[in-house]
Amino acid sequence: MKLQLALDLVDIAGAKEIVSEVAEFIDVVEIGTPIVINEGLHAVKAIKEAFPALTVLADLKIMDAGGYEVMKAVEAGADIVTVLGVSDDSTIRGAVEEAKKTNKEILVDLINVKDIKARAAEVDALGVDYVCVHSGYDHQAEGKNSFADLHAIKSVVKRAKTAIAGGIKLSTLPEVIAAGPDLVIVGGGITGESDQKAAAAEMKRLVSQA
Ligand SMILES: O=C(CO)[C@H](O)[C@H](O)COP(=O)(O)O
């Protein structure tokens, strides 16, 4: 089981600062959607150049033009690129084809998908690398999480790896780990802590045992 640090509410300098603190405890660093909106793919390039040993995920949440947008993210240094599960199959297919050319990976984010189980099975069959359940900030504000959704997709995803994101904290991590995802994505649960290094270290210790 791997740990991904999601960076959302910082600029490039702030992202570098946090990653410098916790790099030894994370497997993947995510350049979150708000950073890409604010700074563009330069943020992906800057983090990949500064931390070449880390796997970099560009959270573009692609909805259309899958092949083209994946191409641009990969050119900037992304190892994994996100595509929305609510996209058309052709968008996901295009993204997968483009990523495969350079041995990169596609993570499909099932945020706001209504029939999670059915869509997870469909995107799995499209050859994506990760299927991710996700309660976004707006759902988190309504007290929702994706723990039950993770159980649901685990029963239908046969070839892709599974991932979970959305409001995961140290206190809820054991419940997440028990459901057995391949990738646990944590943003505020690390970046919002006063001791980010200690939080990342403890999370890494827990996911490594799984
Ligand atoms: O993609 C995102 C929001 O759309 C976040 O990166 C993801 O939810 C993880 O952050 P947090 O742990 O703070 O919820």
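Whatever order the structure lists ligands and atoms in, that order sets their numbers, starting from 1. Here the structure is a predicted model, which means the values were calculated and not measured.
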First-shell residues of ligand 1 [heavy atom, distance under 4.0 Å]:
A6, D8, E30, D59, K61, H134, Y137, Q140, G166, G167, V186, G187, G188

Got a salt bridge between D89 and R119, using NZ or NE/NH1/NH2 to carboxylate O under 4.0 Å?
yes

Salt bridge present between K204 and D27 (N-O < 4.0 angstrom):
yes

Which heavy atom of K48 sits nearest a heavy atom of D79, and at what distance?
NZ-OD2, 2.8 Å

Would a 4.5 Å heavy-atom cut-off, applied to side chains only, mark T191 and D8 as touching?
no

side-chain hydrogen bond (donor to acceptor under 3.5 Å, both in side chains) with S135: which residues, sequence neighbours excluded?
S146

Cationic N near anionic O, under 4.0 Å, E98 to K101:
yes

